[in-house]
Structures are given as structure tokens and as C-alpha cells.
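First the structure, in the form of C-alpha cells, and then the observations on it.
Just so we're on the same page: letters track the sequence lines, and every chain starts at 1.
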Protein chains: 2
Amino acid sequence: MKRVSFSDQRCSLAQALEVIGEWWTLLIIREAYFGTRRFSDFQSRLGIARNVLSDRLDRLVENGLLQREPASPGAKRVHYRLTDKGRNLVTVVVALVQWGDRWVSGPENAPIRMVDRATGAEIGDVQVRSQDGRPLAFHDIGLQPGPGADQAIHERFQETVTNDGAVRWRIRRHMAE
Amino acid sequence: MKRVSFSDQRCSLAQALEVIGEWWTLLIIREAYFGTRRFSDFQSRLGIARNVLSDRLDRLVENGLLQREPASPGAKRVHYRLTDKGRNLVTVVVALVQWGDRWVSGPENAPIRMVDRATGAEIGDVQVRSQDGRPLAFHDIGLQPGPGADQAIHERFQETVTNDGAVRWRIRRHMAE
DNA sequence: CAAAATTGGTTGTAAAAAGCAACGTATAAT
DNA sequence: ATTATACGTTGCTTTTTACAACCAATTTTG
């Protein structure tokens, strides 16, 4: 396959996908959310090939999303547990499940319900919001070069200053020549 | 590779990944968010091989995330535009970018800033919330079999009724025997 | 405590997917 | 009318994944 790496792309989405974008990886994370800890349980629950599972677990541990710990105190056999970094992906997983429920499975065929433990009511839809809590639709979100933007990213944006002094960023649709 | 399909798994995450989980696919969606519409712009912006791009675009159109439309009225040459189904993935993309900013790139190196167009302020962190808006942490989220759960999923859960009549679901850690 | 079964992998091989470069048309620009 | 650009497709190579067989260490069972 000689698959190209995303890690040199200056884009946090590419960075994230480099870590969790491989085939099976996110399903392993989901399985960990479900409480699975043992190699053989991951294997039989997912139906993944053992060598691929082994490889993915190694990478997830390397990247700090899972941690190995003794299955029983002092034992050599290990369990895999989510770290904070791994648990923090919960928004991504929930957003994906909700999208899948809505657009692929259909809400009436949702295989899993996610509820608020405190009330038992279904959780809300994951949304993009402003810092003060207003829901933001697709077109309410503006893009700008960030603090880590490089030359290539700056070239994608066009800075304009309106006559009242406000700065506006326009994203270029086509490649600059 | 003879890669196994996720589409027979009864899990909306697997269904979603079947559509957008392939290498490059989510980066193409991101590129579409950025306003890219033309084949050659996708190609040169991402550095993706042309045949792979061609394949991914076909699949995205097939699955209804992108739509082809004449580049100019009456022309045969096409542009690719996001559909509602595609735009609806914005929560996933934003959640992933924020996770990448936080855990991989580091917030001070974020290449892109996402702002509220109305105020210019940075958008908030994507969160899982209850329907009435309380933020839910990882452990506040409970799992239950949903309306489309099959036998296998039901076997993963253990239903218990507390003595005040409330129903509780416990997820089984290991495979049932 | 010895034998059997389970766990947590590794190794080898075949098939499929990704990467690369060259080639072909149809449209757009000069 | 000629040239250049856009949007792919085809053919070949390299890398991954899938599948099955094997193996050592640990647990369980009789």
C-alpha cells in the first residue's frame, strides 16, 4: 500500500487521523468505552485478525490512548485501559454514532441508546456552540489561520480590513498561482 | 488487503466508519468544508493520488455526502459540493480538530482557528450534553440496547430491576459463555 | 500436583488497496 | 486554430490487511 503519512500536514485533523484514522482503530476505542479490557475480548467482540489487533493496541499504547496494566496485581498478563487522552475522544465517538444513527442506520434502528445516567433520558445531540452556548450552524463558523499556521496555510487565506477597522478572513477557493 | 467490511456490524459507529473511515476520506470532507470544489484543487491541496481521489469522490457521491453539479451551467465538467448529509458531519470534524489541537498539535500550534462569525470569538469546545444542556462527563453516559439492537447486543447487557422498580442496565465486561 | 485449556500473542502467505507515472479525452484559454 | 488545463483512467509496484497455523506462559480442572 505504501500509504502516505498525514503527520507532516499542518492540520490537526490530519494529526488526529494519523493516530485514530486507521482501519479498526476507532472501533477498538469504542470497545474500550464499552468496558472491554482483554485482548481476547477485543478480538472476539470485533472479529478482528489477531495480528492487526496486536498492532493497533501497540500503536494506541504508544500514542497514549490506552495503557497496559497488570491483569491482576503482580501478573505479567496485561489489560488495556483508556487514558484521559483516550477518554477525551468520547465527543468524537458520540458525534459519529449520532451521525450514523441519523444518516445511515436510521434513528429507529439505533442499536445502542446513550442516556444521561442521572435521569435515564437520552443524551442530547452533539453540537458546535459558541463559547457562550449559542448553537452554531455550518455557516456560522468562520475559519482563520491559527497560531501554528505555516506559509501554505496563510496563502489559503486572504485578509481584508473593512473600513470600520474590523479584520476579515476570506478563504481562497482555488490554488494560488 | 482483502479488507473486511464493517457494514454488517450492528453499530452505528461501524456504519459511519464504513462511509467515512477510509484513508483520505475525512480529509476530503474537510477540504470541502474549506470550500474546495474542483478535482484538481482537492488533488493539489491534499497531495493525494489521482486514482484514489477519483475513487473516494465516487464513493462520497454514491453515499450522498457530496453531489456532482455542472461546473458552469450546461457544462459537462463537474464540481463537488457538500450535501446536508455531508455538512452534518461538521460536529465530527470539529470534535476531531479540537482533540488534535489539544492532544497532538498542542493548542499553541493550532494551524487553524475556528470562530463564531457573529462575534469573531473562538468557538466553544464540542461537548456531550444532556437534552436540557448539562455537560456530561465520560462516566455520566450510560449505555443501553437501542430499538435496533439484535440478539448479540442484548447479550452484552444485563438488565436489573432495583427494588423501587427502576430499570438498570449493566454492560458485560467479558464475552458470555 | 499434573494435565488440559485459555490467553496473548507471533509468523507465514495470499489478496487487496494505495502510490506513482504515463496516457487520453474533453473543455477552456490564447 | 493551437495550446494548455481539467478530470480522470490504466498499468505496475509496494505495503497492508486478512486468515490460519503455531507457540509459550498462565489459569483452570480433575
Side-chain angles (χ1 to χ4, degrees), chain A residues 1-9 14 17-18 21-28 31-32 36-62 66-81 173-177, chain B residues 1-9 14 17-18 21-28 31-32 36-62 66-81 173-177:
Chain A
M1 229 212 275
K2 198 173 23 175
R3 200 177 51 193
V4 92
S5 161
F6 294 156
S7 58
D8 51 343
Q9 285 193 34
L17 290 177
E18 186 72 22
E22 277 179 310
W23 211 237
W24 287 112
T25 300
L26 216 46
L27 289 177
I28 293 172
E31 215 38 60
T36 300
R37 295 179 189 174
R38 302 196 310 200
F39 186 93
S40 56
D41 285 332
F42 282 108
Q43 201 276 317
S44 47
R45 285 255 149 87
L46 291 171
I48 184 178
R50 308 171 79 85
N51 54 348
V52 177
L53 175 58
S54 182
D55 176 76
R56 296 297 185 275
L57 289 173
D58 284 349
R59 272 179 63 75
L60 285 168
V61 169
E62 250 176 58
L66 294 178
Q67 64 191 62
R68 263 184 262 265
E69 54 184 40
S72 48
K76 279 184 193 162
R77 195 158 288 178
V78 294
H79 279 177
Y80 295 89
R81 293 276 286 269
R173 199 177 299 292
H174 305 299
M175 290 293 277
E177 55 277 9
Chain B
M1 229 213 277
K2 201 176 16 178
R3 200 179 51 195
V4 91
S5 161
F6 296 155
S7 56
D8 51 344
Q9 286 193 34
L17 290 177
E18 187 71 22
E22 277 179 310
W23 210 236
W24 287 113
T25 301
L26 215 46
L27 289 177
I28 292 172
E31 213 40 57
T36 300
R37 296 180 189 174
R38 301 196 310 201
F39 185 95
S40 56
D41 285 331
F42 282 108
Q43 201 275 318
S44 47
R45 284 255 149 86
L46 292 171
I48 185 177
R50 308 172 80 87
N51 53 347
V52 177
L53 175 58
S54 183
D55 176 76
R56 294 300 183 275
L57 289 173
D58 283 350
R59 272 179 63 74
L60 284 168
V61 169
E62 250 175 59
L66 294 178
Q67 65 191 61
R68 262 184 263 265
E69 53 185 41
S72 47
K76 278 185 195 162
R77 194 160 291 180
V78 295
H79 279 177
Y80 296 90
R81 293 276 285 270
R173 200 177 295 293
H174 304 299
M175 290 295 277
E177 56 274 15

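Of the candidates R45(B), R37(B), R38(B), R38(B) is the only one forming a salt bridge (charged side-chain N to carboxylate O under 4.0 Å, His left out) with D41(B).
The two residues A32(A) and L66(A) have their closest heavy-atom pair at CB-CD2, 4.3 Å. Heavy atoms only, all atoms of each residue included: A75(B) and P70(B) are closest at O-CB, 3.6 Å. Considering all non-hydrogen atoms of both residues, D58(A) and R68(A) come closest at OD1-NH2, 3.4 Å.
When the C1' atoms of four end pairs are superposed on the next four at each end of the helix from dC1(C)-dG30(D) to dT30(C)-dA1(D), using five pairs per end, the two resulting axes differ in direction by 30°, to 10°.
At a threshold of 4.0 Å, the pair E22(A)-R3(A) counts as salt-bridged, since one of the basic side-chain nitrogens sits closer than that to a carboxylate oxygen. R50(B) has no carboxylate O lying under 4.0 Å from a charged side-chain N of D55(B), or vice versa, which leaves the two without a salt bridge.
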Anything under 3.5 Å between a protein N or O and an N or O of nucleotides 26-30 of chain C, put it in a table, one pair a line.
{"unit_1": "dT27(C)", "atom_1": "O4'", "unit_2": "R77(B)", "atom_2": "NH2", "d": "3.4"}

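Summarising the geometry, the separation between CZ on R59(A) and C1' on dT17(D) is reported as 14 Å, rounded to the nearest angstrom. Atom CD of E22(A) is separated from atom P of dA17(C) by 16 Å (rounded to the nearest Å). The nearest whole Å value for the distance from the CD1 atom in I48(A) to the C1' atom in dT17(D) is 10 Å. Computed from coordinates, the I28(A) CD1 to dT17(D) P distance equals 11 Å when rounded to whole Å. For the pair Q43(B) CD and dT9(D) C1', the computed distance is 14 Å after rounding to whole Å. The CG atom of L57(B) sits 10 Å away from the P atom of dC7(D) (whole-angstrom rounding). Taking atom NZ of K2(A) as the reference point, atom P of dT17(D) lies 16 Å away to the nearest angstrom. For the pair H79(A) NE2 and dG9(C) P, the computed distance is 11 Å after rounding to whole Å.
Listed nucleotides: dG8(D), dA18(D), dA18(C). Nearest to the side chain of V78(B): dG8(D). Taking the side chain of R56(A) as heavy atoms from C-beta on, and the options dT7(C), dT17(D), dA6(D), the nearest nucleotide is dT17(D). For N51(A), taking side-chain heavy atoms from C-beta onward, the closest of the listed nucleotides dT11(C), dA22(C), dA21(D) is dT11(C).
Put simply, the side chain of E31(B) reaches to within 4.5 Å of the side chain of L46(B), judged on heavy atoms.
Between D55(B) and S40(A), the residue anchored closer to the 5' end of DNA chain C is S40(A), taking for each the nucleotide with the nearest heavy atom. Between D41(A) and R3(A), the residue anchored nearer the 5' end of DNA chain C, judged by the nucleotide with its closest heavy atom, is D41(A).
Remark: the backbone N or O of L26(A) is not paired with any side-chain donor or acceptor of R56(A) at under 3.5 angstrom.
Between S54(A) and the phosphate of dT10(C), there is a side-chain N or O to OP1/OP2 separation shorter than 4.0 Å. The phosphate of dA18(D) (OP1 or OP2) has a side-chain N or O of W24(A) nearer than 4.0 angstrom. The side chain of Y80(B) contributes an N or O atom lying less than 4.0 Å from OP1 or OP2 of dG8(D). At least one side-chain nitrogen or oxygen of R38(A) sits closer than 4.0 Å to the OP1 or OP2 atom of dT7(C).
A perpendicular orientation is assigned to the rings of F42(A) and Y80(A), their planes being inclined by more than 60° (bins at 30° and 60°). Ring geometry for W24(A) against F6(B) counts as perpendicular: the plane angle is over 60°, on a 0 to 90° scale with 30° as the lower cut.
The base of dG8(C) sits within donor-acceptor range of the side chain of R50(A), with an N or O pair under 3.5 Å.
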